[in-house]
Novice: 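To start, I am sharing the structure in question, which I have written as C-alpha cells.
A, B, ... follow the sequence lines: proteins, then strands. Residue 1 opens every chain.
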Amino acid sequence: MAQTYDHQAVEAKWQAHWEQAGLFQIKEDSTTPKYYCLEMFPYPSGRIHMGHVRVYAIGDVVARYKTMRGFHVLHPMGWDAFGLPAENAAIEKGVHPNVWTQENVAYMKQQLRRMGLSYDWEREVNTSQPDYYRWNQWIFLKMVERDLAYRKRSAVNWCPSCETVLANEQVLAQEGTDGGICWRCESVVIQKELEQWFFRITQYAQELLDGCDRLTSWPARVLAMQRHWIGRSEGVEIDFPVAVPQADLSAIRIFTTRPDTIHGATFMSLAPESPLVEQLIAGRVEANSVRKFVERVSRLDKATRTAVDREKEGVFTGAYALNPFTQEQIPIWVANFVLYEYGTGAIMAVPAHDQRDFEFAQQYHIPIRLVIQNPDATLEPHALEAAYEQQAHAGTLVNSGTFSGLSVPDGKRAIGEHVETQGLGKRTVNFRLRDWGMARQRYWGTPIPMLHCEHCGIVPVPESQLPVLLPEDVPFTGKGGSPLKESPSFAKVTCPTCGGTARRESDTMDTFVDSSWYFLRYCSPQETQQPVNPHAAKHWMAVDQYVGGIEHAVLHLLYARFLTKVLRDLGLTTVDEPFVQLLTQGMVTKETYWCEDHRWVLPSDTSKEGGQRVCGQCGKAIVTGRTEKMSKSKKNIASPEDLCDRYGADTARVFSLFAAPPEKDLEWSDTGVEGCYRFLNRIWRLVHEQLPVLQEGSASSGSEQTPLLKDLQRATHQTIQKVTGDLDRDFQFNTAIASLMEFVNQLYKLMKEYPAKELSLVERAGWKSTLESLLLLLAPFAPHLTEELWQTIGHSTSISRQPWPVFNPELVVSDEWTIPLQVNGKLRSKISVPAGSTKDHIIGSAEKDAKLVECMQGKTPRKVIYVEQKLVNFVM
RNA sequence: GCGAGAGUGGCGGAAUGGCAGACGCGCAAGACUUAGGAUCUUGUGGGUAACCGUGGGGGUUCAAGUCCCCCCUCUCGCACCA
C-alpha cells in the first residue's frame with residue numbers, strides 16, 4: 001500500500017466526475033428549504049491567491065454542509081470583470097482589455113476548478129459582457145426616471161493616476177500623507193470641480209441606517225462602520241438675519257445640533273466655498289483679504305484642510321448678522337474648518353460650548369459667552385480653558401433669557417419648538433452620507449446610456465436601443481482622458497427626440513455598480529427581459545450566508561444594500577436587505593525575511609545554518625520581519641498552484657480552515673500545511689488498513705455490545721455532536737477539524753488495541769459505520785479524499801449527496817464519570833464513578849479518596865458544592 | 001479624539017462561571033529502517049519542591065481566562081460632520 005495517497009490523481013478524477021455528472025447544478029425546488037451561499041466574486045486579475053483560497057474554502061464548506069443537511073443550495077460564481085487593470089494592460093502590452101480579461105477568467109476558472117469547489121457554473125456571470133452590463137444600463141435608465149440618477153457640478157475626488165473621479169467611499173485616509181489616497185492605486189487624490197453623474201443614495205440614508213438594526217447576523221464592527229458612515233444627526237436649521245439686508249441676501253441659514261446653546265453664539269462661520277461669501281464681501285474693504293484667504297484654502301486638498309490637528313484659521317468678512325435670540329450683532333467670518341457639503345455650509349459659532357469655535361474665538365479675540373453651566377463644578381466664564389461640551393450630564397442653561405434654568409435636553413426641545421413656531425427655521429436631520437459619484441472617465445466599464453443633444457440637452461438612450469456596446473475601435477494610449485471620446489463610431493449619434501446631432505456620454509460606470517446587484521442576477525442568469533426574474537428572486541433571495549473581506553465594510557456592502565432597495569422599489573425583488581448573515585474573513589499573512597544587502601528576500605533564497613537563517617546570496621544573517629499580508633513586494637507569497645501540486649486542494653482547504661478561526665488573520669505556515677497533509681494521509685491509511693475488516697462485517701448479527709463497539713460508538717457520536725455544533729454555531733471550522741483529528745487519533749488507538757483477526761462480525765460492522773461517519777463529517781472540508789474513500793469502502797453514490805450524520809445523545813455519554821475533587825476551589829484529586837451515580841454516592845466516594853483525606857487533615861468541610869457530572873468542591 | 005476588536009506555552013490557537021493550554025506546529029527521546037526531512041510510540045507552561053501561572057490592579061463567587069470596576073498595550077476603521 002502506498003504510504004501517501006496520490007492526491008493529484010484522486011483530485012483530478014473526482015473533479016472530472018462531478019463535472020460530468022453535473023452534480024452541483026441546482027434548480028428551484030419546493031420540496032426542500034433553499035439556502036443561498038455566496039462568496040464575493042473575484043476580479044480576474046490573472047491568478048488566484050491565498051486570500052481567494054481561504055474565502056472560497058469557507059464558502060464551499062458552508063455550501064456542502066448545508067447540502068448534506070437537506071437544503072437545496074444556490075452556490076454560484078462569476079467575475080467582477082470590469083476595471084482598470086485590464087485597461088492598463090492594454091496600454092502597456094497592447095492587448096485589448098476584453099482579450100486580457102477573458103484569458104484571465106479562463107485561467108482562474110481552471111484554478112478554481114482545481115480546488116474542488118461546488119459551484120453551479122451554469123449560472124456564471126461576467127460583468128464585462130453585454131448580457132450583463134446591459135442591465136446596468138437598464139437600471140440606470142430606471143433610476144434616471146425616478147430621479148435617483150442625476151448630474152450635478154461639484155467638487156469631486158480625482159485620482160491623477162487612474163485619471164478618473166472617485167466616490168467618497170473610495171478615498172482612503174492615509175497616515176503620513178496629507179491627502180486621502182485612491183483605494184485602488186494609493187495615489188494621492190485631489191479635488192476637482194466637475195459636472196458628474198450621481199446616484200441619490202442619500203434618499204435611502206434613513207432606511208440604510210434603520211436596516212443596520214435588523215442585520216443581527218452581521219459583525220458588529222461592519223455595522224458600526226456603516227452607521228458611522230451614514231452619520232445621522234438631529235438638529236435645527238435656523239435663519240440668522242443679515243444686519244444690513246441686501247437685495248438678494250436677507251438671512252443666512254445655519255444647521256446646529258445644539259440649539260440649546262444659541263444664546264452663546266457670538267459669531268458665525270461660513271465655508272470658504274460658500275457662494276454667500278462673494279455676496280457678503282462685494283464692495284467691502286475686506287473683499288481682497290477674504291478672496292486671498294478663500295483662494296489659499298481651496299488650493300489645499302480636502303484631507304489636508306480638514307485634518308483635525310490643523311490650526312483653526314479664518315478671516316472676517318466685514319458683515320454682521322443678528323443672533324435671532326439675543327438680537328445682538330455678531331460678526332460673520334469665513335473659517336477653514338467649515339465644510340460646504342455638510343449641513344448648510346454655515347454655522348453659528350458658540351465658543352463656550354464647541355471646542356473648534358473656542359480655539360477660533362481665542363485666536364481672533366471674539367467674546368466667549370457661557371450659556372450652559374456645569375451643576376457639578378461651577379464654571380468661571382472668564383477662566384475657561386476649553387469648551388464645555390458635555391451634554392450627557394445635567395447641564396443647565398444660563399444667560400439664555402426665558403430659557404435659563406432648563407436642562408440641556410429640555411432647552412434643546414424648547415428652543416427647537418420656538419424656532420418653528422416663530423418661523424425662524426425648522427427641525428431637521430442631517431446625514432454625513434453623500435450621493436454616490438458613480439461616473440468614471442475610463443473605457444473598461446459599462447457605458448452610461450445617455451446622450452448630449454445640441455437642442456434637447458441630456459437625453460436617455462431609449463430602452464429598445466440597449467445595450468450601448470463598448471466600441472472596439474479605440475486607441476489605448478494612456479494619455480488624455482477617456483478612450484471612448486476617441487471612438488468615431490461611438491461618440492456621434494442621432495438624438496432620438498429631435499433627430500439632430502448628439503454626442504454619446506463617454507463616461508462609464510463605477511465597477512461597484514456591477515457588484516451591487518450580481519447576487520440577484522445569479523437567481524436567473526439567462527433572463528432576457530429584465531435584470532432578474534422576480535419569481536426566481538423571490539425563491540432564492542436573500543443570500544443566507546455571504547462571505548468576503550472586511551475591506552468592503554462601507555464600499556460594496558453599502559452600495560449593494562442601496563441598489564437592492566432600488567430594485568425592490570422597481571418590483572424586481574421583495575427583500576429589503578440582500579445579505580442575511582455576513583462573515584468577513586481575515587487576511588492571509590506570512591512571515592517576511594529581510595537581508596540588509598538584498599532587502600526583502602524569498603524564503604527559498606535563504607538557508608539555515610545552525611539555527612540561524614541566512615541570505616542565500618551573501619550569507620548574511622536574515623532578520624525575520626513582521627508577519628504581514630501576503631504581497632509580491634514583501635516576497636512573502638505562497639502560491640496556491642504549488643500548494644495544489646505538492647499537497648493537493650484538500651490539504652489547502654483543510655489548512656486554511658484549521659489554522660485560525662475564519663474571521664481572524666491566518667498566518668501561513670509551511671509546516672502547518674504539512675501537518676494537515678499528514679492528517680489526511682492518516683485517514684487514507686486508516687481506511688485502507690481496516691479495509692479487510694469492513695468487507696466482512698454484518699450489522700444484523702444481534703444486539704451484542706462489546707467494549708470496542710461502545711468505544712467506537714461513543715467516539716463517533718461525540719464527534720458528530722461536536723462538528724455539527726461547531727458548524728451550526730458561527731462556523732467554527734478550526735475546532736471542528738480539531739475534533740476530527742482527535743477522532744482519528746482515537747480510532748488509531750482502537751485499531752491497535754483490537755487486532756483485526758479477533759473482531760466479531762458486529763464489531764466489523766461497527767468499524768464500517770464508524771469510518772463512514774468519519775468520512776461524512778470530513779466530506780465538506782476534504783471533498784476529494786472522502787469521495788475516493790467512500791468509493792473504496794463500497795459505495796457507488798457521491799458522498800456529497802449523503803445526509804449529514806445524526807448523533808444519538810444516549811451514545812455520547814460514557815460508562816464512567818471522572819469527577820475532579822477540589823478543596824477550596826483548588827484541584828486536589830480525581831475519582832472515577834459509574835455513570836449515573838447519585839450525588840450522595842459521589843460525595844461519599846470522594847470523602848474516601850486517599851489524596852483528599854490527606855488534604856482535609858481530618859477536618860469537616862464547612863460546605864460541599866456538587867455540580868452534576870462536573871466536580872465536587874469541599875469548602876474548608 | 002470617537003468607534004470596533006484583541007491581549008492565554010517557543011508558535012498558531014482551545015476552553016455553556018466548574019480539571020487552563022483541546023487540536024496542530026515546533027522541540028526532545030525512543031521504535032522501525034542502509035538511510036530518512038516517511039511512519040509509529042512517548043514526553044513537552046514555569047519551578048528541585050511547596051507552589052506559581054491567561055497584559056496590570058481591585059472586586060463579586062464555594063469556584064473567574066470567562067462576570068463587574070479602574071488602568072496599560074496592540075490592531076483595525078473613522079476622524080474639525082457643527
Novice: Taking only residues two or more places apart in sequence or in another chain, which ones pass salt bridge (charged side-chain N to carboxylate O under 4.0 Å, His left out) with A/Glu237?
Specialist: A/Arg253
Novice: Rounding to the closest angstrom, what is the interatomic distance between B/G9 and B/G47 at atom P?
Specialist: 15 Å
Novice: Give RNA chain B the dot-bracket treatment, 5' to 3': Watson-Crick (N1-N3 with N6-O4 or O6-N4) or G-U (N1-O2, O6-N3) under 3.5 Å, [ ] crossing, | other strand.
Specialist: (((((((..(((.....[....)))((((((.......))))))((....))..(((((..]....))))))))))))....
Novice: Under 3.5 Å, is there a donor-acceptor pair between the A/Ser829 and A/Asp849 side chains?
Specialist: yes
Novice: Mark up nucleotides 26-33 of chain B, 5' to 3', with B wherever a protein heavy atom is under 4.0 angstrom from a base atom, S wherever such an atom reaches only the sugar-phosphate, and - elsewhere.
Specialist: S-------
Novice: Near RNA chain B, under 4.0 Å by heavy atom, which residues of residues 719-739 of chain A?
Specialist: A/Asn734, A/Thr735, A/Ala738
Novice: Under 4.0 Å from any atom of RNA chain B, heavy atoms only: list the residues of residues 740-747 of chain A that qualify, in numerical order.
Specialist: A/Met741, A/Glu742, A/Asn745
Novice: Pick one for B/G58: is it syn, with its angle within 90° of 0, or anti?
Specialist: anti
Novice: Are any of the side-chain nitrogens in A/Arg296 or A/Glu313 under 4.0 Å away from the carboxylate oxygens of its partner?
Specialist: yes
Novice: Can you confirm whether A/Glu234 is buried at CD, in the sense that more than 12 heavy atoms of other residues, nucleotides or ligands lie under 6.0 Å from that atom?
Specialist: no
Novice: Tell me which nucleotide among B/C80, B/C40, B/C23 gets nearest to the side chain of A/Phe658.
Specialist: B/C23
Novice: Sequence neighbours left out, what passes salt bridge (charged side-chain N to carboxylate O under 4.0 Å, His left out) with A/Arg434? Give chain and number order.
Specialist: none
Novice: Please produce a list of atom pairs where a protein N or O lies less than 3.5 Å from an N or O of nucleotides 62-65 of chain B.
Specialist:
residue, atom, partner, partner atom, Å
B/C62, O2', A/Asn873, ND2, 3.3
B/C62, O2, A/Asn873, ND2, 2.7

Novice: Counting side-chain heavy atoms from C-beta on, which of B/U39, B/A82, B/G13 comes nearest to A/Pro661?
Specialist: B/G13
Novice: Considering just the side-chain nitrogens and oxygens of A/Thr818, establish if one lies under 4.0 Å of OP1 or OP2 belonging to B/C19.
Specialist: no
Novice: Just to verify, what does A/Asp728 make a salt bridge (charged side-chain N to carboxylate O under 4.0 Å, His left out) with, not counting sequence neighbours?
Specialist: A/Arg69
Novice: Give a yes/no on whether any side-chain N or O of A/Arg682 is located under 4.0 angstrom from OP1 or OP2 of B/C40.
Specialist: yes
Novice: Using the P atoms only, state how far B/G24 lies from B/U34, rounded to an integer number of Å.
Specialist: 30 Å
Novice: Using only side-chain N and O atoms of A/Arg356, determine if any of them is under 4.0 Å from OP1 or OP2 of B/C81.
Specialist: yes
Novice: If we ignore angles and hydrogens, is there a donor and acceptor under 3.5 Å between the side chains of A/Glu742 and A/Gln718?
Specialist: no
Novice: We want to know whether A/Asp435 and A/Thr202 form a side-chain donor-acceptor pair, criterion being a heavy-atom distance below 3.5 angstrom.
Specialist: yes
Novice: Considering only side-chain heavy atoms of A/Asn336, which listed nucleotide, B/C80, B/G18, B/C19, is closest?
Specialist: B/C80
Novice: I'd like to check the salt bridge (charged side-chain N to carboxylate O under 4.0 Å, His left out) partners of A/Arg227; sequence neighbours left out, ordered by chain and number.
Specialist: A/Asp213
Novice: Nearest whole Å is fine: how far is B/A82 P from A/Glu359 CD?
Specialist: 17 Å
Novice: Report the residues that fulfil ring pair (Phe, Tyr, Trp, His ring centres under 6.0 Å) with A/His7, sequence neighbours left out, ordered by chain and then residue number.
Specialist: A/Tyr677
Novice: A/Arg232 side chain to A/Gln206 main-chain N or O, any donor-acceptor pair under 3.5 Å?
Specialist: no
Novice: Could you check whether the side chain of A/Lys312 and the base of B/C80 have a donor-acceptor pair of N or O atoms closer than 3.5 Å, going by distance alone?
Specialist: yes
Novice: Do A/Glu359 and A/Gln355 pair up side chain to side chain, a donor and an acceptor below 3.5 Å, judged on atom types alone?
Specialist: yes
Novice: Looking only at atom P, what distance separates B/G65 and B/A15, rounded to whole Å?
Specialist: 16 Å
Novice: Any N/O pairs under 3.5 Å between the protein and nucleotides 74-78 of chain B? List them or say none.
Specialist:
residue, atom, partner, partner atom, Å
B/C78, O3', A/Arg432, NH2, 3.3
B/C78, O2', A/His228, ND1, 2.9
B/C78, O2', A/His228, NE2, 3.3

Novice: Expressed as a whole number of Å, how far does the P atom of B/A14 sit from that of B/G55?
Specialist: 15 Å
Novice: With salt bridge (Lys or Arg N to Asp or Glu O under 4.0 Å) as the rule and sequence neighbours excluded, what pairs involving residues 729-738 of chain A come up?
Specialist: A/Asp726-A/Arg729
Novice: Say you pick atom C1' in B/C52 and the same atom in B/A20; how far apart are they, in whole Å?
Specialist: 13 Å
Novice: Quick one: is B/C52 close enough that its OP1 or OP2 comes under 4.0 Å of any side-chain N or O from A/Lys826?
Specialist: yes
Novice: Nearest to the side chain of A/Leu339, heavy atoms from C-beta on, is which of B/C81, B/C80, B/G12?
Specialist: B/C81
Novice: Applying side chain to side chain contact (heavy atoms under 4.5 Å, CB included) to A/Val673 and A/Trp668, what does each step give before you reach the verdict?
Specialist: CA-CA 8 Å; A/Val673 172; A/Trp668 200 260; 3.7 Å; yes
